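Data block below; observations after.
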There are 2 protein chains.
Amino acid sequence: MARQTTGAAQRIAVAVAALGEEKFNARRIELADAALETLGELGFARTSLREIAQNSAFTHGVFHYYFSNKLDLICCCVRHYKAKCVTRYDEVVATAQSRDQLTEGFLAKLTETLRTEARMHRLWYDLRSQAMFEAAFRKDVLEIDKSLEAMIWRIASRYAELGGTRPASSPAALYALFDGLFQSALLKHLADDEKAIPELLAEVRRLLPTIC
Amino acid sequence: MARQTTGAAQRIAVAVAALGEEKFNARRIELADAALETLGELGFARTSLREIAQNSAFTHGVFHYYFSNKLDLICCCVRHYKAKCVTRYDEVVATAQSRDQLTEGFLAKLTETLRTEARMHRLWYDLRSQAMFEAAFRKDVLEIDKSLEAMIWRIASRYAELGGTRPASSPAALYALFDGLFQSALLKHLADDEKAIPELLAEVRRLLPTIC
DNA sequence: AATTTACCTTGACAAGTGTCAAGATTCCAG
DNA sequence: CTGGAATCTTGACACTTGTCAAGGTAAATT
């Protein structure tokens with residue numbers, strides 16, 4: 001049975017059953033990757049399937065072939081984005097042998113992220129806000145938020161460990177703090193405020209010893 | 001000269017010059033208020049001028065008469081929203097005579113806000129995210145962010161003062177922390193997580209003595 | 001009372017939207 | 001090689017969108 005003549009749900013089920021699963025999912029991720037480009041550029045509100053298709057090597061029909069609808073596509077994008085994101089600081093955590101090394105590695109990665117991946121991160125904040133309106137996003141968004149909280153907690157725990165102490169705050173509070181600072185710095189950075197990054201770094205440098 | 005036959009910029013200039021300014025602006029705010037209803041319900045991405053008009057006592061043409069375009073309307077909404085927002089905790093700050101009173105007043109207001117104004121606040125987070133994509137929003141959003149930071153700072157300063165100490169963090173860090181916690185609690189609350197509010201309260205209660 | 005101005009309604013336009021299906025193409029098992 | 005399945009392209013549909021202008025109504029001014 002051709003995939004197209006059935007609903008997308010059945011299509012996907014059939015594909016999974018038919019051992020084409022891996023290929024099918026690989027294609028979905030390819031498409032999600034292409035979609036993330038345009039989404040990062042325009043944001044959720046202004047991005048249409050046709051716009052996504054035009055900025056990619058695919059035609060708009062393919063997206064309908066692989067995704068049951070627009071929300072399905074965006075959800076897949078969000079999930080895919082997550083995988084890229086949550087391990088960002090793990091290498092720093094694994095290799096740092098002192099508080100100083102961890103601090104400098106963390107700050108360097110933070111700077112690099114703000115400089116080169118601002119678009120992806122504003123999309124994250126966009127989608128997290130959308131989740132407040134669109135229930136279909138909530139599960140994935142809450143899951144990613146949890147992963148990010150765990151990521152921050154790994155950094156803080158390691159930092160504390162390297163000084164022989166324990167973090168002075170809860171995982172939730174630490175994540176809220178760093179996420180809030182990052183979000184604010186991102187907005188200022190996107191508004192061409194050149195002090196945004198240095199101020200963020202100074203703030204984090206000041207905070208790390210007091211809260212971890 | 002009739003307002004409609006000129007561009008909106010001129011129209012507004014003419015209105016201002018013609019002493020109709022107050023009436024004109026009052027009408028704009030009335031319209032912005034109506035628009036905020038729908039925006040809070042649907043979010044920026046899904047809200048159209050017609051939808052706004054249908055959920056209000058006005059026809060869609062009126063919005064074009066009072067605003068040069070959709071962005072102009074939304075900007076006005078954001079600015080108007082600000083005024084409602086930034087004084088929320090001032091009464092608590094002014095009347096509290098002890099740390100306990102301030103804490104309880106703050107937490108009560110926090111709860112009330114989450115319970116009764118979740119829609120307005122998700123809209124704020126939505127618009128702040130939009131500002132990362134749409135430059136036209138940035139100035140207003142950054143300004144509101146500053147006002148909110150100052151609002152948090154007033155609370156923290158007063159809390160410290162009531163204990164004869166000084167806040168242990170910068171205004172930026174304190175705002176990032178509370179904003180991050182609130183944002184996370186709001187999302188969970190909207191996802192029908194009944195622990196969202198109590199957990200937020202517990203976290204804030206724990207944090208206040210350590211950071212202020 | 002007459003006329004100009006401010007305010008609002010209505011309907012239209014062009015562009016863009018998500019969705020879908022019919023047909024072309026590619027791929028692969030028999 | 002061949003027939004059928006998987007994949008993709010194309011074009012169409014019904015609908016919504018922001019924008020705007022022609023016209024009507026109410027209010028103010030002369």
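Remember, predicted model here, so these are calculated numbers, not experimental data. So you know, we letter chains A, B, ... as the sequences are listed, proteins then strands, and number each from 1.
- You'll find that the side chain of B/Tyr65 is closest to C/dA6, out of C/dT10, D/dT10, C/dA6.
- Under 4.0 angstrom from either OP1 or OP2 of D/dC20 there lies at least one side-chain N or O belonging to B/His64.
- Residue B/Ser48 places at least one side-chain N or O closer than 4.0 Å to OP1 or OP2 of D/dT17.
- DNA chain D is contacted by both B/Glu51 and A/Phe58; A/Phe58 maps to the nucleotide lying nearer its 5′ end (nearest heavy atom per residue).
- Screening residues 193-202 of chain A for salt bridge (Lys or Arg N to Asp or Glu O under 4.0 Å) gives no qualifying pairs among residues at least two apart or on separate chains.
- The side chain of A/Val62 lies closest to D/dT9, out of D/dT9, D/dA6, D/dG11.
- Checking C/dA12, D/dC8, C/dG18 against every side-chain atom of B/His60, the shortest atom distance belongs to C/dA12.
- If you check C/dG11, C/dT19, D/dG18 against the side chain of A/Asn69, the one that comes closest is C/dT19.
- Here the side chain of A/Arg50 is nearest to one of C/dT17, D/dC8, D/dT19, namely C/dT17.
- The number of heavy atoms from other shown groups lying within 6.0 Å of CD (A/Glu91) does not exceed 12.
- Using cut-offs of 30° and 60° for the angle between ring planes, the A/Tyr81 and A/Trp124 rings count as parallel.
- Counted within 6.0 Å of NZ on B/Lys84, heavy atoms from surrounding residues, nucleotides or ligands total more than 12; the atom is thus considered enclosed.
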